[in-house]
Amino acid sequence: MHFSNKLTAWYLQNRRSLPWRETKDPYAIWLSEIILQQTRVAQGLPYFEAFLHEFPTVFDLANAEEDKVMHLWQGLGYYSRARNLHATAKMVAFDYNGIFPNNSKELLKLKGVGEYTAAAIASFSYNEVIPVVDGNVFRVLARRFGINSDISTLTTKREFQALAASLIPKDSPALFNQAIMEFGALQCTPQSPDCTICPFQLECIAYQTNEVSSLPVKLSKTKVRDRHFDYLIFLDPNGNTQIQQRTKKDIWQQLYEFPLIESTTTELIDIKQQLTSLFPNLAIKQIELCNTDPIIHKLSHQKLHIRFWKIHTETALNNSSSIEELQKIGFPIVIHNFINNNLIDL
DNA sequence: AACCCGGGGCC
DNA sequence: GGCCCAGGGTT
């Protein structure tokens with residue numbers, strides 16, 4: 001039995017029912033693929049439902065305020081996806097009359113759409129015969145065919161694309177692509193897969209040579225750098241506070257935050273001296289350190305040490321927002337959680 | 001080619 | 001603590 005036949009047979013017996021699998025609408029497919037980039041289905045699913053509910057068509061998304069898009073994306077991470085999502089929605093809506101490109105080559109030109117996503121949309125929505133190569137596909141093929149090339153290199157990616165292209169049936173590319181990713185997600189899992197019930201047990205090179213746990217090979221390792229954030233939560237007599245938008249090329253671009261002091265060491269800052277220096281005209285009533293132990297917030301390549309300070313002021317703040325208004329704004333999740341746990345019902 | 005960009009779940 | 005997740009963009 002051929003690889004694809006056995007794979008799709010497994011898929012038809014084991015597939016999850018997911019909303020983006022029940023449609024061929026390129027808008028919904030595209031939306032799901034952007035949301036699912038480097039994101040587990042369980043984490044992305046509620047965001048997919050929320051976006052489709054809030055923006056039923058590409059025109060609704062194109063006409064939305066960016067702040068609203070970022071707020072809806074809050075907590076999902078990799079926020080450039082949301083910015084590119086919005087930009088592409090505008091392009092499709094206003095330049096393409098709301099019609100998505102119908103082939104992978106043209107889809108590749110859209111912001112936020114790379115090789116994987118272009119292949120996914122083209123195959124799922126238009127039945128183009130082009131294989132998807134994502135983390136699941138790397139793992140399934142590396143194990144089944146015993147490939148120990150470093151999957152972080154472009155050359156290896158090309159090898160896997162060629163292999164997948166040789167396996168994909170010309171009459172059912174969408175089914176094959178769905179099947180191989182679902183197989184990687186449910187059966188051929190990264191850690192401790194249950195190979196005893198795997199339909200490929202006999203022909204799987206990794207299983208036969210006891211290399212399942214060591215495949216695929218991924219050499220590049222990310223180094224993490226430490227950063228130290230002190231967030232200043234000003235609170236005036238009216239219960240208002242100040243926030244600012246992150247606009248630099250850095251983490252959390254376009255999201256909001258409290259005024260920030262970033263330092264290079266983990267030592268406790270001299271908060272009074274800093275405030276006097278930064279805000280010489282500010283009349284301070286009371287300063288409160290909310291967490292003596294910094295909150296550790298880990299990103300893929302940064303380890304953030306975060307302290308929150310409440311600065312009660314004698315006089316009203318300029319350009320201030322009520323705590324209630326903060327609920328409608330997109331914050332990094334660590335700040336959003338702090339607001340919900342410490343500033344609500346103040 | 002190397003690096004940057006989140007948050008969460010699992011071991 | 002490390003690894004991975006329906007990857008893509010920038011340098």
Side-chain angles (χ1 to χ4, degrees), chain A residues 11 15-16 18-21 29-48 70 73-85 87-88 107-124 131-140 150-157 160 164 174 176-186 188-193 213-225 227 246 248-255 295-304 330-337:
Chain A
Y11 176 68
R15 70 190 289 267
R16 293 167 291 183
L18 299 171
W20 47 84
R21 289 198 181 134
I29 304 263
W30 161 74
L31 178 62
S32 76
E33 292 302 337
I34 303 300
I35 286 175
L36 291 173
Q37 285 168 3
Q38 290 293 286
T39 304
R40 294 171 191 280
V41 166
Q43 188 185 4
L45 185 53
Y47 287 83
F48 175 79
M70 298 308 292
W73 199 272
Q74 174 179 265
L76 197 53
Y78 283 162
Y79 295 92
S80 67
R81 291 184 293 169
R83 302 192 299 270
N84 289 332
L85 182 86
T88 290
L107 284 162
L108 201 49
K109 297 177 181 174
L110 301 177
K111 279 188 182 177
V113 175
E115 289 186 347
Y116 161 78
T117 304
I121 300 171
S123 64
F124 298 155
V132 293
V133 177
D134 73 334
N136 292 305
V137 177
F138 272 124
R139 188 169 56 254
V140 171
D150 174 15
I151 64 167
S152 57
T153 72
L154 185 60
T155 305
T156 302
K157 183 179 175 183
F160 278 79
F176 177 87
N177 282 340
Q178 291 283 10
I180 193 168
M181 289 195 288
E182 190 78 334
F183 186 78
L186 299 184
C188 196
T189 53
Q191 297 106 3
S192 50
S213 61
S214 58
L215 292 178
V217 174
K218 192 173 182 182
L219 294 183
S220 75
K221 34 197 151 191
T222 58
K223 43 183 173 182
V224 177
R225 79 177 158 121
R227 297 176 76 177
R246 292 182 65 88
K248 294 176 182 169
K249 294 192 111 176
D250 196 353
I251 58 171
W252 302 334
Q253 198 180 339
Q254 299 306 118
L255 293 183
I295 294 171
I296 304 299
H297 187 70
K298 295 164 79 171
L299 309 181
S300 52
H301 58 293
Q302 293 184 25
K303 183 177 176 183
L304 307 181
F331 291 94
I333 202 64
V334 63
I335 297 178
H336 171 78
N337 289 340

Here's a test of your reading of the structure: between Val113(A) and Asn136(A), which maps to the more 5' nucleotide of DNA chain C?
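Looking at DNA chain C, the more 5' nearest nucleotide goes with Asn136(A).
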
Both Leu110(A) and Ser32(A) contact DNA chain C. Which one's nearest nucleotide lies toward the 5' end?
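Final value for this comparison: Ser32(A).
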
Among all residues two or more places apart in sequence or in another chain, which pass the salt bridge (Lys or Arg N to Asp or Glu O under 4.0 Å) test with [X]?
X         : result
Lys303(A) : none
Lys298(A) : none
Arg81(A)  : none
Arg21(A)  : Glu182(A)

Can you check the distance between [N] and [M], where both ends of the measurement are the [atom1] atom (answer in whole Å)?
N       : M      : atom1 : value
dC5(B)  : dC4(C) : C1'   : 16 Å
dG9(B)  : dG8(C) : P     : 24 Å
dC10(B) : dA6(C) : P     : 13 Å
dC5(C)  : dA1(B) : C1'   : 23 Å

For chain A, the stretch of DNA chain C it reaches, first to last nucleotide, under 4.0 Å of its heavy atoms:
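First and last nucleotides in contact are dG1(C) to dT11(C).
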
For [X], give me all partners under side chain to side chain contact (heavy atoms under 4.5 Å, CB included), at least two apart in sequence or on another chain.
X         : answer
Phe160(A) : Val133(A), Phe138(A), Leu141(A), Ala142(A), Ile147(A), Ile151(A), Thr156(A)
Pro19(A)  : Leu45(A), Phe48(A), Glu49(A)
Ser192(A) : none

Reckon Ser152(A) touches a base, only the sugar-phosphate, or nothing at all at heavy-atom distances under 4.0 Å?
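No contact.
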
Quick one: label Trp20(A) by what it contacts on the DNA or RNA (base, sugar-phosphate, nothing), any heavy atom closer than 4.0 Å.
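Touches a base.
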
Contact letters for nucleotides 1-7 of chain B, in which S counts primed atoms plus P, OP1 and OP2 and B counts the base, heavy atoms under 4.0 Å
S--SBBB

With no hydrogens and no angle check, just 3.5 Å: does a side-chain donor-acceptor pair link Tyr116(A) and Glu33(A)?
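There is such a pair between these side chains.
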
Any side-chain to backbone donor/acceptor pair from Arg83(A) onto Gln253(A)? Under 3.5 Å, distance only.
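Flag set: sc Arg83(A) to bb Gln253(A) pair under 3.5 Å.
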
